[in-house]
Amino acid sequence: MEIPKTYDPRQAEEQHYARWERAGCFAPEANRDESAPVYSIVIPPPNVTGSLHMGHALQHTIMDVLARYHRMRGKRTLWVIGTDHAGISTQIVVERELKKEGLSRHDLGREKFIERVWEWKQRSGGRITEQMRREGASVDWSRERFTMDDDLSRAVREFFVRCHDEGLIYRGERLINWCPKDQTALSDLEVDKETQKGQLWHLQYPVKGSDERRVTVATTRPETMLGDTAVAVNPDDERYQDLIGATLMLPLTGREIPIVADAAVDPAFGTGAVKVTPAHDPTDYEIGERHNLPQIVVIDKHARMTEAAGAEFAGLDRYEAREKVVQKFEELGLLERVADYEGAVSRCDRCRTVIEPLISLQWFCKQRELAEKGLELIRERHEPHFVPEVPWEKVYTDWLEGLHDWTLSRQLWWGHRIPAWYDEEGNVYVARSEEDARVAAGADKLTQDPDVLDTWFSSALWPISTLGWPEETSADLKTFYPTDVLVTAREIIFLWVSRMVMTGTKFIGPLPFRDVVITGLVLDKHGKKMSKSKPSDAVDPMDVFEKYGVDATRITLASSPASTGTDSRWRDEQVESYRNFANKIWNAARFCLMNSEGAQVGKGFEGDPSGWALHDRWIMSELNRTAREVSRAVEGYQFHEAVYSLYHFFWDDFCDWYIELTKQDVTASEPTPARDAARSRVVTVLETALRLLHPFMPFITEELWQRLPGVGADSLHPAYRGMEPTVMLTEYPRADESLIDERAESEMRAVIELVSRVRNIRTELNVKPSEEVRLIISAGGDGLGRVFDASLPQIKRLVRASEVSFKESMADAPRASARAALAGGAELAVPFEGLIDFGQETARLGKEIEKLSKELERLEAQLANPQFVERAPAEKVEELRQRSEDIRQRIVALEQMLEALKG
RNA sequence: GCCCGCUUAGCUCAGUGGUAGAGCACACGCUUCACACGCGUGGGGUCGUAGGUUCAAGUCCUACAGCGGGCACCA
């Protein structure tokens, strides 16, 4: 059979995904067992404008490992795929495209513009989903969704109307975050607070009716003073007691404003007197509400000063106005001082423009009521279960406890239009359709609200809308809701996770997911966040796929601490080592296939295990132990532990030991039943290992599995009978506890130690690899002696010994021997006439004795401690006793060896 | 300001109260008939600091230091 020496991932990647997709392997319908349990995941829908980054690759790997694992366990598995219309992002992308043609969206008009966006989506929107095919993601394409699909839009309107009818959604004039660049309102979660160095200006406002007296206010935004309608002080502040109720002359405007007392003012900060601009600051807005202060809008939606700011300032940019205000105060002698100050600035998280708080008429959602059920569940039942639980359960709970109303409306064109219509008098009719609104209004001429909804409004419905809600009879909703797990990043716990909880509990009942896995970040090699906007050594997953292969990338990500929630750096060396692992798998399989004549998967391990050779009992024990460990790890979302087990089993146990131990039998030139059996065993272990590895490395495992002798339609999990043979629909190996054999493992450890010690001696004495040695073993007739005897052919081969002899004791071994004492009382000698440097050998043994003596000393000290013996568990004490006994024995043996050296 | 996380080998990171681990890097030796993306052997750690609990602490508790993150209406 012609198999190249080096694995080339490309060919397997190109071939198998298309085949799986064509054969319908990804759909839950592949499973013919109607009574099979269900497993479902919905993907956090990537933005339709997006392209794959490492964060996606990480999350998708985890979701795919879970989906493939549970699918192989025979569950009816659904992984829902789709994309998000991503309101602002998408609108910006298309506007940018228009700009190249010298057009703005206003040139096109709303309808044409939206057509243009759909066109763009048709043309370029599939990029990220194409990339997901490359990743190997086993999502069900037949159920692919887009948040602007008709049925999902219907769900959005249903959600809006029902909440409006219950008073949870309302329209009102409130202070909101406004992005002057994107020209839209934003929710609190779409705003980043950033500390920034700036100044604190101390401005003096003269007191009316007094020539000298002034009140000094401190502000980071002097330009807003043009809209001041009061100055507030703390009611208990002694400095200002006599001024409460007094009137100030607001400079530059000639307006008179009152001094009010409000507990929100911190007397310790600044001067203890706060200028109040209700129209442009959230705190001031609340103070204004409490004291019935007028709101004077001095900054407009473009962050320019309005007419109300005064003729001198009208039209100026907010920062120009700031300078001018400061300058004027200085000229008037009313600028007391300027202090350096580090304060928080809010920025639009999309375009980084400084947010302008503005009073504006918008739609809001009362989240507090919606969150009640979710709060109850997390507090009383710790549901959903966050992984890792610390710190996310607390972060999530704290957030739900401190909810503010959610600003829903966006002044954009791309998105779900708000289902509200107005008649000519301005009355509002919220309805599921324009027709319903007309009926409600009793009028024909209605105008729909021009605004659209926050993108996250439709995302909040994702787990239920993709499964068919509000169609209560939807089979998918009944079958696949609630989902099993949500895998996502911490940034969207509030934006998305909490809101899905609200909609799921409100409209369906149960939480939309049982577990929430929060991944860590994949940072660049310097520990910086990979970012497109900020400088970083961001790594493109597609490049990594190209260079190292998809499987190597996936298993690297699964092994990364980021898969279990800890941020960690991306390192090419890591993926390189897993690329090497893929190649190791390839070559192990290559060896098996080159020697596969007469072999058959599933054979070779017949009869009672007690009749098997030690290495066969041992490898089955390790294999089943690995299967147990991997299942435990995957089910507990400890992916790096699963990878560690698989890597260690495959490379160390299977390749380095089992194949080497069995090689002679497998490569025997005579085609005997014994050879066939040995070949079958090695291929059986390989096949099981490939199934264990498949969720992590789908392509190479499929590529190799297809070539194994004796696999086919019958190899599939019973639930998938009738499907095309593929490793992805076989049964995920279940640990057979009866094959986990502690004794075989311990005996094999002894053989490994023996071999390792002889190799160590060979290396230390510079024996050429090609040169054969003689080996003398003393291990008693029972126990270890029998074990070594039974494995003699293997031992001879592995240490390159021409001859191995068993002796009662080492006493009559040649003086010129290198010696070692093993655990369990075994001793060995390797005679080297003329090669032994007695001084060197004495030193080597001396060093060994010293090392063991130190350990013995420590153990004995512990055993001599009556409190330890009394209080520690008896088995622990016994364990230490045995260990110290073994070490003592070895020291005695080594000392005798030293004696023997003296001759 | 409040809350949280991290600190273990040269690097990146695992680690469940009971013998400190992996990968990479490093050193030495290998064209050993699956694999040099490999094989064999080896060196390398007072587990951030100081206390405490415990028979026993890298692991639990307290404080501190350094780094990172989240939340917050102190102008």
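Just so we're clear, the structure is a prediction, and the values are computed from it rather than from any experiment. Side chains are part of it too, since the values below use all heavy atoms of this structure and drop only hydrogens, waters and symmetry mates. Labels below follow one simple rule: chain letters A, B, ... track the order of the sequence lines, proteins then strands, and each chain is numbered from 1.
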- Member of A/R318, A/K275, A/R322 meeting the side chain to side chain donor-acceptor pair (under 3.5 Å) criterion with A/T224: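 In the set A/R318, A/K275, A/R322, the residue that makes a side chain to side chain donor-acceptor pair (under 3.5 Å) with A/T224 is A/K275.
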
- Item | side chain to side chain donor-acceptor pair (under 3.5 Å) partner of A/D537, chosen from A/K525, A/H526, A/K528 |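 Filter result, single survivor: A/H526.
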
- Nearest heavy-atom neighbours spanning A/V634 and A/F696: CG2-CZ, 4.0 Å

- Task: Do nucleotides 23-34 of chain B as a string where each nucleotide becomes B, S or -: B if the base has a protein heavy atom under 4.0 Å, S if just the sugar-phosphate does, - if no protein is that close.
- Result: BS-----S---B

So what does [X] touch, heavy atoms closer than 4.0 Å: a base, only the sugar-phosphate, or nothing?
{"X": "A/P391", "result": "sugar-phosphate"}
{"X": "A/Q862", "result": "base"}
{"X": "A/N865", "result": "sugar-phosphate"}
{"X": "A/K394", "result": "sugar-phosphate"}
{"X": "A/P873", "result": "base"}
{"X": "A/V274", "result": "base"}
{"X": "A/V276", "result": "nothing"}
{"X": "A/T6", "result": "base"}
{"X": "A/E855", "result": "base"}

Complementary nucleotide for [N] - Watson-Crick or wobble, under 3.5 Å:
{"N": "B/rU7", "answer": "B/rA65"}
{"N": "B/rG38", "answer": "B/rC30"}
{"N": "B/rG58", "answer": "none"}
{"N": "B/rC2", "answer": "B/rG70"}
{"N": "B/rA20", "answer": "none"}
{"N": "B/rA75", "answer": "none"}
{"N": "B/rA14", "answer": "none"}

Provide, to the nearest angstrom, the distance between the [atom1] atom belonging to [X] and the [atom2] atom belonging to [N].
{"X": "A/E848", "N": "B/rG42", "atom1": "CD", "atom2": "C1'", "answer": "14 Å"}
{"X": "A/I493", "N": "B/rG5", "atom1": "CD1", "atom2": "C1'", "answer": "13 Å"}
{"X": "A/D886", "N": "B/rU19", "atom1": "CG", "atom2": "P", "answer": "16 Å"}
{"X": "A/L704", "N": "B/rC35", "atom1": "CG", "atom2": "P", "answer": "15 Å"}
{"X": "A/K876", "N": "B/rU54", "atom1": "NZ", "atom2": "P", "answer": "20 Å"}
{"X": "A/I492", "N": "B/rC71", "atom1": "CD1", "atom2": "P", "answer": "14 Å"}
{"X": "A/E336", "N": "B/rA75", "atom1": "CD", "atom2": "P", "answer": "18 Å"}
{"X": "A/E875", "N": "B/rU19", "atom1": "CD", "atom2": "P", "answer": "14 Å"}

- Item | Centroid-centroid under 6.0 Å between A/F386 and A/W392 rings | no

- Task: Could you tell me if the ring centre of A/Y647 sits under 6.0 Å from that of A/Y578?
- Result: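 Distance test on ring centres: under 6.0 Å, yes.
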
In whole Å, what separates the [atom1] atom of [N] from that of [M]?
{"N": "B/rU32", "M": "B/rU59", "atom1": "P", "value": "48 Å"}
{"N": "B/rA56", "M": "B/rA63", "atom1": "P", "value": "23 Å"}
{"N": "B/rC60", "M": "B/rG5", "atom1": "P", "value": "11 Å"}
{"N": "B/rG58", "M": "B/rU8", "atom1": "P", "value": "15 Å"}
{"N": "B/rU54", "M": "B/rA72", "atom1": "C1'", "value": "41 Å"}
{"N": "B/rG68", "M": "B/rC26", "atom1": "C1'", "value": "31 Å"}
{"N": "B/rC24", "M": "B/rG66", "atom1": "P", "value": "36 Å"}
{"N": "B/rG15", "M": "B/rG48", "atom1": "P", "value": "15 Å"}

- Where the side chain of A/S645 meets the backbone of A/E629, is there a donor-acceptor pair that is under 3.5 Å apart? no

Side chain of [X] - closest among [options]:
{"X": "A/T220", "options": "B/rG18, B/rA75, B/rC3", "answer": "B/rA75"}
{"X": "A/P561", "options": "B/rC37, B/rU41, B/rA14", "answer": "B/rA14"}
{"X": "A/T566", "options": "B/rU41, B/rU19, B/rA14", "answer": "B/rA14"}

- Query: Distance check: side-chain N/O of A/R569 vs OP1/OP2 of B/rC13, anything under 4.0 Å?
  - Reply: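 Yes, because at least one side-chain N or O of A/R569 sits under 4.0 Å from OP1 or OP2 of B/rC13.
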
- Residue met sooner reading RNA chain B from 5', once A/V395 and A/Y341 are mapped to nucleotides: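 Result: A/V395.
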
- Comparing A/R883 with A/D281, nearest RNA chain B nucleotide closer to 5' gives the residue A/R883

- Query: Would you say the side-chain atoms of A/D262 and A/H291 include a donor-acceptor pair closer than 3.5 Å?
  - Reply: yes

- Message: Using a strict threshold of under 4.0 Å (side-chain N to carboxylate O), is an ion pair present between A/K394 and A/E389?
- Response: no

- Message: Counting neighbours of CD on A/E597 that are heavy atoms of other residues, nucleotides or ligands and sit closer than 6.0 Å, is the number greater than 12?
- Response: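 Check fails, neighbour count at 12 or below.
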
- Task: Taking atom CD of A/E573 as the centre, report whether more than 12 heavy atoms of other residues, nucleotides or ligands fall under 6.0 Å from it.
- Result: yes

- When A/P222 is tested against each of A/V326, A/V217, A/V338 for side-chain contact (heavy atoms from CB on, under 4.5 Å), which residue passes? A/V326

- Strictly below 4.0 Å, heavy-atom distances to any atom of RNA chain B: list the hits from residues 224-237 of chain A, or just say none. none

- Task: Report yes if the side chains of A/I659 and A/F654 come closer than 4.5 Å at any heavy-atom pair, otherwise no.
- Result: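 Yes - at least one pair of side-chain heavy atoms lies under 4.5 Å apart.
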
- Message: Applying salt bridge (Lys or Arg N to Asp or Glu O under 4.0 Å) to A/K854 and A/E857, what does each step give before you reach the verdict?
- Response: CA-CA 5 Å; A/K854 260 190 201 149; A/E857 216 173 289; over 6 Å; no

